[in-house]
Protein chains: 2
Amino acid sequence: MKHQVNSRLNDIVSKIKKMGYSLTPQRLEIIKIVSESKSHPSAVDVYDKLRKAYPMISLNTVYKNLSLLSSIHEVKEIRTLQNSVHYDGDISLHGHAICEKCGRIIDVKIDESDFKGFFDAKIKENFKENYYINNYGLEFYGLCGLCYKETASD
Amino acid sequence: MKHQVNSRLNDIVSKIKKMGYSLTPQRLEIIKIVSESKSHPSAVDVYDKLRKAYPMISLNTVYKNLSLLSSIHEVKEIRTLQNSVHYDGDISLHGHAICEKCGRIIDVKIDESDFKGFFDAKIKENFKENYYINNYGLEFYGLCGLCYKETASD
DNA sequence: ATCTATATAATATTTATTATTATATAATAT
DNA sequence: ATATTATATAATAATAAATATTATATAGAT
């Protein structure tokens, strides 16, 4: 498990270097935080964690780096309600369940056969001309367990 | 075709009335605009169209009404890049292809069998406990035909 | 060691959205 | 019909996320 996380970190780091970006301590720390996090943090969440190691870090730096990681497709942006962006360091095939009340984001399992059977079919079906797909999103909006209970007992 | 659009409009209008909301001229015009539009307009886009008929309309009124329509699930919110919300008056089963460069949103066809075969399976598989799903989202991010060409010729 | 490019920090600005307040309209009761 | 109450809209102000700008610092190349 730990080994998985580390190889993921190494993947990103080597890609950063290969593409000619420099690996500053701040950048490395940001990469660590998002790649190891399971909680789909916002830029401010990342910023708050960073401040422990780098109290002088600028929020702008966080945004810049998260955008960079997003542009090289090593983190995925998730847009929930209340227009704020969350970042997912797990770029493997999966969807998200987003609670419309509390904003909680839960991973939804999708396996390779799903991709072959559904996503791939949709892409082939809908994009015959030169349309280049490099990412997908699958969301289920609703009420999470806790919020569902609350609503039910109103 | 025209008949389809009108029945859609009537559906929304009667739902508005049934739920006890009043049908003001401004509200009716907003409903018309979003239900007849195929271009996934933003709040400001709707506002600009509205001003032809209602020059004194307030942007806040547009936001309030679009939120209302969204809350009763008669329009769907689409979150693209560059953090702005777009509104889709077509609530039938379909996904979106979103161009990461120009922001263009194109409908992606999904049919009932897809829903039964994929969405339903994912819901059953992932949400065994009391998690209430009332909406879904399916997006393909990439480059549209035009932007793809531009990028290719760089 | 100097020069150049890139990254970060501090600050200011923009933009979308929401909140507040006042006015106007609509619905209901008198 | 008029008064009363609730809801909708308009005008304005405020918030908050993200971006732009500028200055400083760091890293890599010459």
Side-chain angles (χ1 to χ4, degrees), chain A residues 12-13 15-34 40-72 75 77-87 100-101 103, chain B residues 12-13 15-34 40-72 75 77-87 100 103 105:
Chain A
I12 303 174
V13 165
K15 192 171 187 177
I16 287 282
K17 284 181 180 167
K18 201 170 65 185
M19 296 190 82
Y21 300 108
S22 55
L23 188 72
T24 63
Q26 292 95 329
R27 178 164 290 164
L28 178 61
E29 192 63 26
I30 290 169
I31 295 171
K32 272 184 189 166
I33 289 171
V34 286
H40 318 92
S42 69
V44 173
D45 293 336
V46 174
Y47 176 64
D48 288 339
K49 279 190 183 174
L50 261 171
R51 291 168 86 172
K52 283 161 192 162
Y54 297 90
M56 300 307 283
I57 195 86
S58 161
L59 185 54
N60 195 338
T61 302
V62 180
Y63 276 111
K64 280 250 173 81
N65 277 290
L66 290 173
S67 297
L68 173 66
L69 290 168
S70 177
S71 74
I72 64 171
V75 308
E77 298 185 350
I78 311 169
R79 269 150 234 280
T80 64
L81 307 155
Q82 277 72 40
N83 55 290
S84 74
V85 182
H86 291 252
Y87 296 87
E100 291 183 317
K101 201 172 176 191
Chain B
I12 302 175
V13 165
K15 192 171 187 176
I16 286 282
K17 284 181 179 166
K18 199 170 68 183
M19 296 190 80
Y21 300 108
S22 55
L23 188 73
T24 64
Q26 292 94 329
R27 178 164 291 166
L28 179 61
E29 191 64 26
I30 290 169
I31 295 171
K32 273 184 187 166
I33 289 171
V34 285
H40 318 92
S42 68
V44 172
D45 293 335
V46 174
Y47 175 65
D48 287 339
K49 280 191 183 174
L50 261 171
R51 292 169 85 173
K52 285 162 190 162
Y54 296 91
M56 300 307 284
I57 195 88
S58 161
L59 184 54
N60 195 335
T61 302
V62 179
Y63 275 109
K64 280 252 175 81
N65 277 290
L66 290 173
S67 296
L68 172 66
L69 290 168
S70 177
S71 75
I72 64 171
V75 307
E77 299 185 351
I78 310 169
R79 272 149 232 277
T80 64
L81 307 156
Q82 277 69 41
N83 54 291
S84 73
V85 181
H86 291 252
Y87 296 88
E100 290 182 319
I105 304 170

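Note that these values count all heavy atoms, side chains included, but never hydrogens, waters or copies made by symmetry. A note on names: the letters A, B, ... follow the listed sequences, proteins ahead of strands, and every chain is numbered from 1.
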Quiz item: At under 4.0 Å between heavy atoms, what does A/I57 touch on the DNA or RNA strands: base, sugar-phosphate, or nothing?
Solution: sugar-phosphate
Exercise. Drop me the distance from A/I33's CD1 to A/L66's CG, to the nearest 0.5 angstrom.
Key: 9.5 Å
Quiz item: To the nearest Å, how far apart are A/Y63 OH and C/dT14 C1'?
Solution: 13 Å
Quiz item: Starting at NZ of A/K17 and ending at P of D/dA27, how long is that distance when rounded to a whole Å?
Solution: 13 Å
Quiz item: Under 3.5 Å, is there a donor-acceptor pair between the side chain of B/K17 and the main chain of B/L23?
Solution: no
Exercise. Locate the shortest heavy-atom distance separating A/I72 from A/K15; write the atom from each residue and the value.
Key: O-NZ, 2.9 Å
Practice problem: Map B/V44 and B/P25 onto DNA chain C by nearest heavy atom, then report which one ends up closer to the 5' terminus. | Solution: B/V44
Quiz item: Want to know the stems of DNA chain C: at least 3 consecutive Watson-Crick or G-U pairs with distances under 3.5 Å, which are they?
Solution: C:1-30 with D:1-30
Practice problem: Give the nucleotide from the list D/dA10, C/dA10, C/dA16 with an atom nearest to the side chain of B/S84. | Solution: C/dA16
Short N/O separations, protein against nucleotides 20-23 of chain C, under 3.5 angstrom:
unit_1: C/dT20; atom_1: O4; unit_2: B/N60; atom_2: ND2; d: 3.2

Quiz prompt | Heavy-atom pair of closest approach, residues A/P25 and A/Y54 | solution = CB-OH, 3.1 Å
Quiz item: Is there side-chain contact between B/Y87 and B/V46, with at least one heavy-atom pair below 4.5 Å?
Solution: no
Exercise. Hey, could you give me the OG/CD distance between B/S71 and B/E77, rounded to the nearest 0.5 Å?
Key: 9.5 Å
Quiz item: Going from CG on B/L69 to CG on B/N65, what distance comes out if it is rounded to the nearest 0.5 angstrom?
Solution: 6.5 Å
Exercise. Calculate the interatomic distance between B/I16 atom CD1 and C/dA26 atom P; express it in whole Å.
Key: 16 Å
What protein N or O atoms touch nucleotides 3-7 of chain C N or O atoms at under 3.5 angstrom, if any, and at what distances?
unit_1: C/dA7; atom_1: OP1; unit_2: A/R27; atom_2: NH1; d: 3.1
unit_1: C/dA7; atom_1: O3'; unit_2: A/T24; atom_2: OG1; d: 3.4

Exercise. Round to a whole Å and report the spacing from OH of A/Y54 to P of D/dA25.
Key: 18 Å
When the side chains of residues 57-64 of chain A are checked against the rest of the protein, which donor-acceptor pairs come out under 3.5 Å, sequence neighbours left out?
unit_1: A/S58; atom_1: OG; unit_2: A/N60; atom_2: N; d: 3.1

Quiz item: Counting only non-hydrogen atoms, which of residues 46-53 of chain B are less than 4.0 Å from DNA chain C?
Solution: none
Quiz prompt | Shortest non-hydrogen contact between A/I16 and A/S22, atoms and distance | solution = CG2-O, 4.2 Å
Quiz item: How would you label the contact of B/V85 with the nucleic acid (heavy atoms, under 4.0 Å): base, sugar-phosphate, or nothing?
Solution: sugar-phosphate
Quiz prompt | Of all pairs that satisfy side-chain hydrogen bond (donor to acceptor under 3.5 Å, both in side chains), the ones with a partner from residues 42-52 of chain A, not counting sequence neighbours | solution = A/S42-A/D45
Practice problem: Measure the distance from CG on A/L59 to P on C/dA9 and round it to the nearest whole Å. | Solution: 11 Å
Practice problem: Please answer whether the main-chain N or O of B/I78 pairs with a side-chain N or O of B/H86 as donor and acceptor at a distance below 3.5 Å. | Solution: no
Exercise. Could you tell me the separation between the CZ atom of A/R79 and the P atom of D/dA17, rounded to a whole number of Å?
Key: 14 Å
Quiz prompt | For A/V85 against A/R79, the heavy-atom pair lying closest together | solution = CG2-NH1, 3.4 Å
Exercise. Kindly compute the distance separating NZ (A/K32) from CD1 (A/I12), expressed to the nearest 0.5 Å.
Key: 12.5 Å
Quiz prompt | Short N-O contact, A/E29 and A/R27, less than 4.0 angstrom | solution = no
